[in-house]
2 protein chains.
Amino acid sequence: MTRIDDVARLAGVSTATVSRALRGLPTVSAATRRRVLAAAEQLQYAVSPSASRLAGGRTGTVAVVVPRITRWFFGTVVEAVEEFLHDSGYDLLLYNLGGREQVRQRVLRTANLHKRVDAIVLVATPLRPADLTALAELDLPGITISSGSTVPGWPCVRIDDVAAARTATRHLLDLGHRRIAHISGDPTDELAFTTHTDRRRGYREALRRAGLRPDPSLDMESQFTIDGGNQATVELLARGEPPTAIFAACDEIAMGAMTALRDAGLRVPQDVSVIGVDDHDLSGVLGLSTIAQPAAEQGRLAARLLLDPLGTGTVEPYAGRVPAPRGAGGDGTTPMPPVILPTRLVVRESTAPPRAH
Amino acid sequence: MTRIDDVARLAGVSTATVSRALRGLPTVSAATRRRVLAAAEQLQYAVSPSASRLAGGRTGTVAVVVPRITRWFFGTVVEAVEEFLHDSGYDLLLYNLGGREQVRQRVLRTANLHKRVDAIVLVATPLRPADLTALAELDLPGITISSGSTVPGWPCVRIDDVAAARTATRHLLDLGHRRIAHISGDPTDELAFTTHTDRRRGYREALRRAGLRPDPSLDMESQFTIDGGNQATVELLARGEPPTAIFAACDEIAMGAMTALRDAGLRVPQDVSVIGVDDHDLSGVLGLSTIAQPAAEQGRLAARLLLDPLGTGTVEPYAGRVPAPRGAGGDGTTPMPPVILPTRLVVRESTAPPRAH
DNA sequence: CTGAAAGCGCTTACAG
DNA sequence: CTGAAAGCGCTTACAG
C-alpha cells in the first residue's frame with residue numbers, strides 16, 4: 001500500500017506537510033493543500049490508523065458498553081450512538097456484557113481499554129466500587145446513559161425513572177385500580193444500577209400519594225426481559241388473588257406478563273391491565289400502554305456531549321474540513337447534573353378500568 | 001504508563017523476550033516466562049495496541065457490518081459474534097449501515113477498513129459490483145452471514161431461504177389456503193441481496209407444486225420491518241378481496257401485517273392466517289407461526305470459521321496460553337459452498353384453516 | 001507556511 | 001532459548 005512518503009514525493013512536499021494538509025490543519029496554504037489532496041487521491045492513499053495512533057496518541061475510537069444489544073433500549077441507543085460517532089469520524093468498539101460477570105471485569109477492570117479508545121460510553125452498566133477505581137485509573141473521558149451509576153467527571157444522559165414510574169402507576173390509579181402489582185429488577189442488587197430501584201420507588205410513591213400501602217406480595221423481582229416478566233407473572237398468579245393491574249418496569253417485562261396472563265386464561269385489559277416503560281417497537285403491535293422514553297435521542301445526545309470536547313475523529317483525507325477547536329471540556333472533577341430527557345404516557349389497549357366486583 | 005522496557009528491566013531480559021513471553025510464544029523457557037509474567041503483573045503492564053499493530057501488522061480487530069442492529073436477526077447475530085470474538089481476544093468494530101447508501105460506500109468502498117481490521121463479517125449486506133471490487137482490493141479475510149452476496153474466497157453461513165419459504169407456504173397450503181399473499185423485499189432490487197428473492201422464489205415454487213399460479217396482485221414489496229409489513233398489508237387490503245393467508249418474509253413484516261389486519265377489523269387466524277420467518281423473541285408472545293432460524297448459531301459459527309485460520313487475537317499477558325498454529329486457510333479463490341443451517345416450522349396460533357365460503 | 005529529525009512502543013528477522 | 005537493532009508509518013515540537 002501507499003505510504004505517506006509516496007504522497008509527499010508526488011506532491012513535492014515533506015511528510016509533515018502531507019500529514020497537516022490531510023488533517024485539515026489551518027497551517028497549510030491553500031495551494032499546497034490542493035496538491036497534497038490531489039496526490040493522495042491519485043494514489044488512493046489512506047493513513048495507517050496504527051501509525052497515526054502511535055505517533056499522535058489519539059485512537060479515533062470510542063468504546064460502547066451495553067448489557068445486551070438484543071434488548072430494545074440498548075439496540076436503539078447503540079444505533080444512534082453509532083451513527084453519530086461514524087458521522088464524526090470515530091470508530092465504535094462494541095462490548096456486549098451479556099450478564100457475564102467476568103466479561104464485565106475483563107472490559108472494565110483490566111487496562112484493556114487503555115490506549116485502545118479515546119472515550120467510553122457506558123449504557124446502563126452496573127458498576128461496583130472496583131470498577132469505578134479502574135475507570136478512574138484509565139483516566140479517559142466518558143459518559144453514562146440511563147444508569148444511575150455516576151462516574152465522577154462523566155456526564156449522564158437519562159430519563160427521570162422515578163417520575164416515569166409514578167406516571168405509569170398513577171395512570172392505573174386514575175383508572176380505578178387499587179391492587180396494582182409491580183415487576184422490576186432485583187431490589188437487593190448491590191450494584192449501583194438504579195434504574196429498577198428508581199422505578200420501584202416511583203411505583204411506591206404513587207401508591208402512597210393515593211393513600212395506599214404498597215403490598216410486598218405484589219412486588220416482584222425479575223430480569224428486564226420477556227422471559228423474566230413471564231416467570232414473575234406466573235409466580236405472582238400462583239400467590240393467590242391476582243392484581244387488577246400490573247406496572248412492569250419495562251415493556252419487555254410487560255410483554256412477558258401479557259403472555260403469562262393469556263396462558264393463565266386472563267384477558268388484558270378486561271381481567272388485568274398492563275403498562276410498561278419504553279415504547280418498544282412492538283408495543284404498538286401489542287396494544288401495550290407504556291411510558292415512552294426517547295432511546296435514540298439519549299444515544300445521539302450522549303454521543304454529542306462526549307465528542308464535543310474531543311473534536312473530529314480520524315483523518316478524513318478528502319473532506320478538507322477543519323476540525324473544531326478543542327474547546328475546554330469539564331475539568332474532570334466537577335460534579336455534573338444529569339441531562340434529563342422527557343417521557344410521555346402512551347395509552348393503548350392494555351389498560352382499562354377494573355371490572356366492578 | 002509502563003512500557004515494555006520497564007517490564008524487561010524488572011525481569012532482567014530484553015524487550016524481545018518480554019514480547020515473546022507475553023504472547024505465549026513457545027520459544028521462551030518456562031522460568032523466563034514466569035519472571036516476565038510476574039514483572040508484567042507487578043507493573044500492571046498492558047501492551048499498547050497501536051504499537052503492537054504497527055510493528056506486528058495485525059490489529060486483533062474484526063469489523064462487523066450489519067444493515068440495522070435494531071432488527072431482531074442482526075442484533076442476535078451480532079451478540080453471538082461479539083461473544084466469540086471477545087472470548088478469542090479480538091475486538092469488534094461495529095458498522096451499522098442503517099439503509100444509508102453513502103454510509104455503505106464509506107465503509108465498503110473507501111480504504112477505510114484497510115489496516116484497521118484483520119477480517120470482516122458481513123451480515124446480510126447487499127453488495128454492488130463496485131463494493132466487491134473494493135473488498136477484493138482490501139485483500140482481507142471475511143465471511144458473509146445470511147446474504148446471498150457471495151464474496152470470492154469468503155465462506156458463507158446461512159439458511160436455505162428457498163426451502164424455508166416453501167415450508168412456510170406449504171404449511172398454509174396444507175391448512176387448505178389457496179389465496180395466499182406474500183410480503184417480501186423489493187423484487188426489482190438490483191443489489192445482490194438474495195434473501196428476499198429466495199424467499200419469494202420458495203413461495204412461488206410451493207404454489208406451483210400445489211398446482212396454483214402465483215397471483216401478482218397478492219405479491220407485495222416491502223421493507224423487512226414492522227412498518228413495512230403494516231403498510232404493505234394496508235395496500236394489499238385496499239386492492240380488493242383479502243387473501244385468506246399471508247406468508248411474510250420475516251417475523252417483523254408478519255407483526256406489521258397482524259397490526260394492519262387488526263386495524264382493518266380482520267381477525268388472525270379466523271379471517272386471515274399469518275406466518276413469518278425467524279422466530280423472533282416476540283413471536284411466542286404474539287402467537288405467531290413461523291419458520292425458526294438459528295440466528296445466534298449462525299453468528300457463532302461464522303465467527304469460528306473466520307477466526308480459525310487467524311489464530312488468537314490480541315496479547316493476553318497473564319493467560320499464558322499458547323496460540324493455535326496458523327493452520328492453512330482457504331487459498332482465497334476456491335469457491336466454497338455455503339454452510340447451511342437448518343430451519344424448523346413452528347406452528348402457533350396465527351395459522352388455521354380458512355373459513356368455509 | 002514548511003521541513004528535518006526525533007520519537008511514539010512495540011515485533012521481527014537475524015545472529016548466536 | 002535469548003538479545004541487539006532495524007523498522008513498522010505516522011505526528012509533533014522545533015527551527016526557520
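Just so it is clear: chains get the letters A, B, ... in the order the sequence lines come, proteins before strands, and each one is counted from 1.
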Sugar-phosphate, base or nothing in reach of A:S50, heavy atoms under 4.0 Å: nothing
Contact under 4.0 Å: B:S19 side-chain N or O vs C:dC10 OP1/OP2: no
Side-chain N or O of B:S48 closer than 4.0 Å to phosphate OP1/OP2 of C:dG9: no
Which residue lies more 5' along DNA chain C, comparing A:V13 with B:D5 via nearest heavy atoms: A:V13
Atom pair distance, as rounded to whole Å: CG in B:L43 and C1' in C:dG9: 15 Å
Length of the CD1-C1' vector between B:I4 and D:dA5, whole Å: 14 Å
B:G24 to B:R33 - nearest heavy-atom pair and separation: CA-NH1, 3.4 Å
Return the nearest nucleotide to the side chain of [X]; candidates are [options].
| X | options | value |
| --- | --- | --- |
| A:S29 | D:dG3, C:dC10, C:dT2 | C:dT2 |
| B:T32 | D:dT2, D:dT11, C:dC10 | D:dT2 |
| B:R20 | D:dA4, C:dT11, C:dC10 | D:dA4 |
| B:T27 | D:dT2, C:dT11, D:dG9 | D:dT2 |

Assigned partner base of D:dA13, Watson-Crick or wobble definition, under 3.5 Å: none
Check: C:dG9 base within 3.5 Å donor-acceptor of B:R53 side chain: no
Check: A:D308 side chain, A:L305 main-chain N or O, donor-acceptor pair, under 3.5 Å: no
